[in-house]
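Lettering follows sequence order; numbering is per chain, from 1. In this text the structure is predicted, and so the values were computed from the model without any measurement.
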2 protein chains.
Amino acid sequence: MLQYQASPLDLMFQALADPARRAMLDRLTRGPASVGELAKPFAMTLSAIMQHLNVLTGSGLVKTDKVGRVRTCQLNTVALRSAEQWIADRRLTWERRLDRLGAFLDANPEDPDAS
Amino acid sequence: MLQYQASPLDLMFQALADPARRAMLDRLTRGPASVGELAKPFAMTLSAIMQHLNVLTGSGLVKTDKVGRVRTCQLNTVALRSAEQWIADRRLTWERRLDRLGAFLDANPEDPDAS
DNA sequence: TTGATACTGAAGCATTTGCTTAAGTATCAA
DNA sequence: TTGATACTTAAGCAAATGCTTCAGTATCAA
């Protein structure tokens, strides 16, 4: 992906590719959290968590809102759904193809190959 | 993700994070393809395609089978489904939480905050 | 106003990633 | 057996990634 303007889908899947970031998302399914709370389970500096958080917000998977000195983070279902949808679309297209192929083979048992 | 044995989910989302690899998956939803066929739409060397393909097979998203000198590639729905499921689980947990919160706020209109 | 809290930003650095080129190796067809 | 085809591998390199440390900047509480 050399010197290329990353698409929303790139950013989302890239965000999902890291176990620490997935763990952060996991935590956020149980409700909103501050940056500090989000950082607590990790053996990483707050700075590192901040960078992960920036990847998550940059991808749209997480929305944050700062009031006073604490920034509260929340999951964004809209973005989550679009990543999910991309996979589902491909999987379904392929599964339907396999179904059609199966049906065809059932109907034409003599045929060696149908593709 | 410094020096850490990548989990299947890491490998899958990492595989999905690259636009070239997603395009290859896209192609494969329309049916199996050889390495050469898979490479054709890209302005990349076959070598580069090979490396992308290795990421895809390494993640389980694609299965290949070589007969003679041509390797045929196919989508693997099982792996695709598990990536999809991870996202869906998180999204649903969070959406259900929001629903419960909404219901609670509807039932207790005076309460300033329920978390 | 002083100190603690909660985050933020910039450098720096090792590792990983996404390519390339330049070699192969194995079929297959004539 | 000879050449073309279809992939495969290794080495190298620039850019991106995932951290760290260190030095901030805002609140907030007393």
Do the side chain of [X] and the main chain of [Y] share a donor and acceptor less than 3.5 angstrom apart?
X: A:Asp99; Y: A:Arg96; result: no
X: A:Arg90; Y: B:Arg22; result: no
X: A:Asp10; Y: A:Ser7; result: yes
X: B:Asn76; Y: B:Lys63; result: no

Practice problem: Go through A:Arg27 and A:Leu38 one step at a time and tell me if the side-chain contact (heavy atoms from CB on, under 4.5 Å) criterion holds. | Solution: CA-CA 7 Å; A:Arg27 162 65 189 82; A:Leu38 222 45; 3.7 Å; yes

Quiz item: Just to confirm, is there a sub-4.0 Å distance from OP1 or OP2 of D:dT8 to any side-chain nitrogen or oxygen of B:Lys66?
Solution: yes

Atom-pair distance ([atom1] on [X]; [atom2] on [N]), nearest Å:
X: B:Arg71; N: D:dT5; atom1: CZ; atom2: C1'; value: 16 Å
X: A:Met50; N: C:dT5; atom1: CE; atom2: P; value: 19 Å
X: B:Leu56; N: C:dT17; atom1: CG; atom2: C1'; value: 14 Å
X: A:Leu38; N: C:dA6; atom1: CG; atom2: C1'; value: 14 Å
X: A:Asn54; N: D:dG18; atom1: CG; atom2: C1'; value: 13 Å

Exercise. Compare all side-chain heavy atoms of A:His52 with those of A:Phe42 and state whether any distance is below 4.5 angstrom.
Key: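 No - every pair of side-chain heavy atoms lies 4.5 Å or more apart.
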
Quiz item: What distance separates B:Glu95 CD from A:Thr77 OG1, expressed to the nearest 0.5 Å?
Solution: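 Nearest 0.5 Å value for the CD-OG1 distance: 5.0 Å.
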
Quiz item: Between A:Phe13 and B:Phe13, how do the two ring planes meet: parallel, tilted or perpendicular, split at 30° and 60°?
Solution: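 Geometry flag for B:Phe13 against A:Phe13: parallel rings.
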
Restricting to nitrogen or oxygen on both sides, can you table the protein-nucleotides 20-24 of chain D pairs closer than 3.5 Å?
| residue | atom | partner | partner atom | Å |
| --- | --- | --- | --- | --- |
| D:dT20 | OP2 | A:Thr45 | N | 3.0 |
| D:dT20 | OP2 | A:Thr45 | OG1 | 2.8 |
| D:dT20 | O4 | A:Gln51 | NE2 | 2.9 |
| D:dT21 | O4 | A:Ser47 | OG | 3.0 |

Is there any protein nitrogen or oxygen under 3.5 Å from a nitrogen or oxygen in nucleotides 24-30 of chain C, and what are the pairs?
| residue | atom | partner | partner atom | Å |
| --- | --- | --- | --- | --- |
| C:dT27 | O2 | B:Arg69 | NH1 | 3.3 |

Self-check item: Per A:His52 side chain, nearest of listed nucleotides C:dT17, C:dC7, D:dG18
Solution: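 Closest of the options to the side chain of A:His52: D:dG18.
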
